[in-house]
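Structure first, commentary second.
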Amino acid sequence: MKNVTKDSFQADVLNSDKPVLVDFWAEWCGPCRMVGPILEQIDGETDKIEIVKVNVDENPELAQQFQITSIPNMKVFKGGEVVKDIIGAKPKAALEADLADFL
Amino acid sequence: MHDVIIIGSGPAGYTAAIYAARANLSPVLFASSVESGGDLMTTTDVENYPGFPTGIQGPELMFNMQQQAERFGTEVRLEDVTSLELDGDVKKVWVGEELFETKTLIFATGSAYRKLGVEGEERLSGRGISWCATCDGFFFKGKNLVVVGGGDSAMEEAMFLTTFADKVTIVHRSETFRASPVMLDRARANEKIEFITNSAVSRVIGEEAVTSLELTDTVTGATSEIEIDGLFIAIGSDPRTHLIHDKLTLNDDGTIVVDGRSSKTNIEGVFAAGDVVDGTYRQAVTAAASGMVAALDAQHHLEDHA
Ligand SMILES: Cc1cc2nc3c(=O)[nH]c(=O)nc-3n(C[C@H](O)[C@H](O)[C@H](O)COP(=O)(O)OP(=O)(O)OC[C@H]3O[C@@H](n4cnc5c(N)ncnc54)[C@H](O)[C@@H]3O)c2cc1C
């Protein structure tokens with residue numbers, strides 16, 4: 001999964017042709033460590049959606065811009081807009097159900 | 001057919017697994033897909049678990065326990081058990097559509113945070129409402145926060161949050177606190193912390209994110225509103241028994257009834273350990289100890305029914 005920063009966010013996420021799921025996470029976040037591998041798996045199984053991650057410690061500006069107050073927070077961007085917002089770690093099946101429109 | 005299946009991945013589940021694995025029972029442990037490691041995954045320093053003179057980080061302690069269980073042959077599955085059938089000698093454990101059968105079952109699912117049960121809570125959770133200061137405090141730098149609760153955990157959350165927030169108000173429904181005098185004094189001495197007593201949160205208000213709270217005076221019934229940026233709920237937790245509440249006998253406080261100092265539930269071959277049986281102590285070391293008890297009880301059950 002690609003690491004997106006505040007400098008590459010425009011190009012990698014907002015200007016992307018495909019829908020992009022951005023996983024906002026941090027090293028110190030236990031539940032994030034659980035979701036990471038699940039997203040990794042989903043990423044390997046589909047080409048329809050791009051899955052990337054943003055480290056909120058290194059990119060506080062992005063966390064603030066998107067009003068993140070709890071992680072993991074997974075936002076799907078399409079045409080530069082947030083079209084889906086998932087907060088909190090979930091089992092794979094539940095995540096896939098949430099993302100059904102994009103898989 | 002398995003000899004031992006363990007549900008739960010806190011200190012109770014992993015300790016049960018270490019003992020059962022060392023007894024060559026090849027336990028299978030269901031750890032949950034996203035909460036594996038249990039409650040200690042959400043904390044930082046654990047300073048009262050023996051053997052770590054300078055303390056240890058909660059997640060690190062839990063990874064260690066997992067590794068120790070795996071080293072002796074435990075199969076750890078990052079999956080959620082969805083239903084159970086406990087009648088008869090063969091216990092059925094369902095993970096979605098998949099069925100696992102076992103001769104003994106150790107139930108160590110821990111506890112889940114209590115909710116306020118007020119309007120706005122569900123909708124705004126994760127949008128300014130949190131149950132975990134160490135997880136989400138980071139996002140509230142320079143903000144104005146409320147912590148609800150009157151126990152040690154509320155005091156601890158509030159003090160932790162002052163490292164980020166400008167102001168933390170502890171809202172508590174009565175005038176007396178369950179928190180220990182030491183913790184209460186520490187919170188009172190902190191100049192960023194204020195108290196509102198005899199008040200209950202009756203509504204959480206906000207469109208996209210929390211903007212204010214409606215408080216109800218528990219004496220007069222009068223309501224008022226205060227503006228805030230975030231709400232941390234620390235009003236305790238309940239034993240996680242939704243899988244078995246209609247099958248196993250429970251105590252009034254929601255914990256599972258076990259026979260004396262053992263881990264035996266009212267169903268033969270089903271054992272329970274950790275916070276899910278403990279309404280009193282609820283610490284990592286007591287959970288670990290009761291996991292050991294469950295493993296030995298399961299082992300004896302298998303020997304008696306061989
Ligand atoms: C913020 C915080 C700080 C704490 N600090 C300390 C401390 O410093 N020292 C101390 O001794 N104690 C501390 N405690 C208390 C300690 O964490 C608990 O007493 C202990 O974790 C209880 O262990 P347990 O094994 O019973 O359950 P838990 O640790 O709650 O683990 C149970 C786990 O089982 C899994 N599970 C549940 N249901 C299912 C299912 N259906 N399928 C699969 N898996 C499932 C989940 O992963 C669940 O989290 C703290 C607790 C909190 C919340």
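Chain letters run A, B, ... following the sequence lines, proteins first, then strands; residues in each count from 1. Computed from heavy atoms alone, side chains included, the values below leave out hydrogens, waters and symmetry copies.
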Are more than 12 heavy atoms from other residues, nucleotides or ligands located less than 6.0 Å from atom [atom1] of [X]?
| X | atom1 | answer |
| --- | --- | --- |
| K143(B) | NZ | no |
| Q41(A) | CD | yes |
| E227(B) | CD | no |
| K92(B) | NZ | no |
| E225(B) | CD | yes |
| R71(B) | CZ | no |
| E61(A) | CD | yes |

Is any residue of [range] within less than 4.5 Å of chain B by heavy atoms, and which ones?
| range | value |
| --- | --- |
| residues 76-88 of chain A | D85(A), I87(A) |
| residues 6-28 of chain A | W28(A) |
| residues 95-103 of chain A | none |

Could you tell me the separation between the [atom1] atom of [X] and the [atom2] atom of [Y], rounded to the nearest 0.5 Å?
| X | Y | atom1 | atom2 | answer |
| --- | --- | --- | --- | --- |
| C29(A) | D136(B) | SG | CG | 8.0 Å |
| E35(B) | K90(A) | CD | NZ | 12.5 Å |
| Q67(A) | R127(B) | CD | CZ | 10.0 Å |

Side chain, backbone, both or neither: which part of S32(B) has a heavy atom under 4.5 Å from chain A?
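Neither; nothing under 4.5 Å.
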
Would you mind checking which part of S130(B) comes under 4.5 Å of any heavy atom in chain A, side chain (CB onward), backbone (N, CA, C, O), both or neither?
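Contact with chain A is absent: no heavy atom of S130(B) under 4.5 Å.
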
Relative to chain B, which segment of N73(A) carries a heavy atom at a distance below 4.5 Å: side chain, backbone, both, or neither?
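Nothing of N73(A), per the 4.5 Å heavy-atom cut-off to chain B.
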
I71(A) versus F138(B): any side-chain heavy-atom pair under 4.5 Å?
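In short, these two side chains do not touch, never coming nearer than 4.5 Å.
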
For F139(B), is there any backbone N or O sitting under 3.5 Å from a side-chain donor or acceptor partner on T69(A)?
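Not a single qualifying donor-acceptor pair exists.
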
Contact residues of residues 54-64 of chain B (partner chain A; heavy-atom separation under 4.5 angstrom):
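The list, in residue order, reads P59(B), F63(B).
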
